[in-house]
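To start, the structure under review is shown below, and the notes come after it.
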Amino acid sequence: MPELPEVETVRRGLEAAFVGNVIAKVDQRRPDLRFPFPDHFVSRLEGRKTVALHRRAKYLVAELDDGTALIMHLGMSGRFTVYAPQGHVLRPGVFAHQVATSGLDIGAHDHVIFDFEDGLRVVFSDHRRFGLMTLHPFKDLNGHKLFASIGVEPLSEVLTSSYLDQKLSGKRTPIKSALLDQKIVAGIGNIYACEALFYAGISPRRSSHTVPGKRSMRLVQSIQSVLSRAIEAGGSSLRDYAQADGELGYFQTQFAVYDREGEACQTASCDGTIQRLVQSNRSTFFCSNCQR
DNA sequence: CGGGACTCCTGCCAGC
DNA sequence: TGCTGGCAGGAGTCCC
């Protein structure tokens, strides 16, 4: 479920806890997540200070003071929770769950626990274990296999309709599948692919090569506005709940079509109903009146 | 090589 | 009430 806006929300929620803080202790509680942890994962992290916390596509990247990048992916069910000892004075911007130091139970799905020098504890839990953590030289991030063929950031000026046109021309796959392809645009998942196509008025079944032109201009605009609005919503939910329980990973947003099969289309002038179809084993939601 | 199907994993929920 | 089966989905891998 975490797509670009959720990952960006998590990044913002974790930034103040990580940056400038020294990782005193790491508890790696199993040998693997989606992939095995790299060799010496714990010892390469302990004693390191985080210089910056970045996001690229759906990845979080902690840049460490020795030039190492700690690459983290939430998969589908990854969450971070920040804890502070009771009475700990939180630095500005730190969202944390304040608990008695003795009262910390480690859950079955808590896989990595970072204890920082200032007393903050950040717990990564992921019950489905589709997430991952690995290490790589920060300077060579794009040389990492996971990043090598990742497409443009949708909220940067690099995503233009001409870029999209070039990627879509000649493609026979449905546009919905193309939007899920991280090699084209990074960070869009199933939910925002559906939402963006709805706002652009494009059928998810439309063959990609017929999108270039006016449709791709509308599509770029909808991708950017749907993602920006979701990040704004994430920001406000961050304020709402993060201070309460420090848990980062999900937030509720109102979707126009996603998971609304059988409901009325929200377009004022449309009396259609949201339909569901399956494309490459994934649910697609759309309005066949509004999307052509 | 493009594109689709399959796969990892577990929680949750509908249906019997 | 309790079990079962299906579904959810990010992204690498495999196969046609």
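What you are looking at is a predicted structure, and each value in this text was computed from that prediction instead of being measured. Chain letters run A, B, ... following the sequence lines, proteins first and then strands; every chain starts at 1. The figures that follow rest on heavy atoms only: side chains count, while hydrogens, waters and symmetry mates do not.
For A:Ser77, no side-chain nitrogen or oxygen approaches OP1 or OP2 of B:dT10 to under 4.0 Å. A:Lys176 has no side-chain polar atom (N or O) that falls below the 4.0 Å cut-off from OP1 or OP2 of B:dG3. Close to B:dC9, at under 4.0 Å from its OP1 or OP2, lies no side-chain N or O of A:His109. Between A:Lys171 and the phosphate of B:dG3, there is a side-chain N or O to OP1/OP2 separation shorter than 4.0 Å.
If you find the closest nucleotide of DNA chain B to A:Arg282 and to A:Ser177, the one lying nearer the 5' end belongs to A:Ser177. Nearer the 5' end of DNA chain B, as judged by each residue's closest nucleotide, is the contact made by A:Gln279, out of A:Arg129 and A:Gln279.
Going from atom OH of A:Tyr59 over to atom C1' of C:dG10 covers 8 Å, rounded to whole Å. Nucleotide B:dT7 holds its P atom 17 Å from the CZ atom of A:Phe35, rounded to whole Å. Nucleotide B:dT10 holds its P atom 11 Å from the CG atom of A:Asp32, rounded to whole Å.
If you check every strand for non-hydrogen atoms under 4.0 Å, A:Lys183 touches nothing. Within 4.0 Å of A:Leu146, counting heavy atoms only, lie sugar-phosphate atoms of the nucleic acid but no base atom.
Using modelled atom types and a 3.5 Å distance limit, the side chains of A:Ser283 and A:Arg276 yield a donor-acceptor pair. Using modelled atom types and a 3.5 Å distance limit, the side chains of A:Asp140 and A:His136 yield a donor-acceptor pair.
Note: A:Leu4 CG to A:Arg11 CZ = 10.5 Å, rounded to the nearest 0.5 Å.
In this structure, A:Phe130 does not count as stacked on the base of C:dA11 under the 5.5 Å centre distance and 30° plane angle limits.
Note: the hydrophobic cluster containing A:Phe80 does not contain A:Val61 (ILVMFWY, side chain heavy atoms under 4.5 Å, direct or indirect links).
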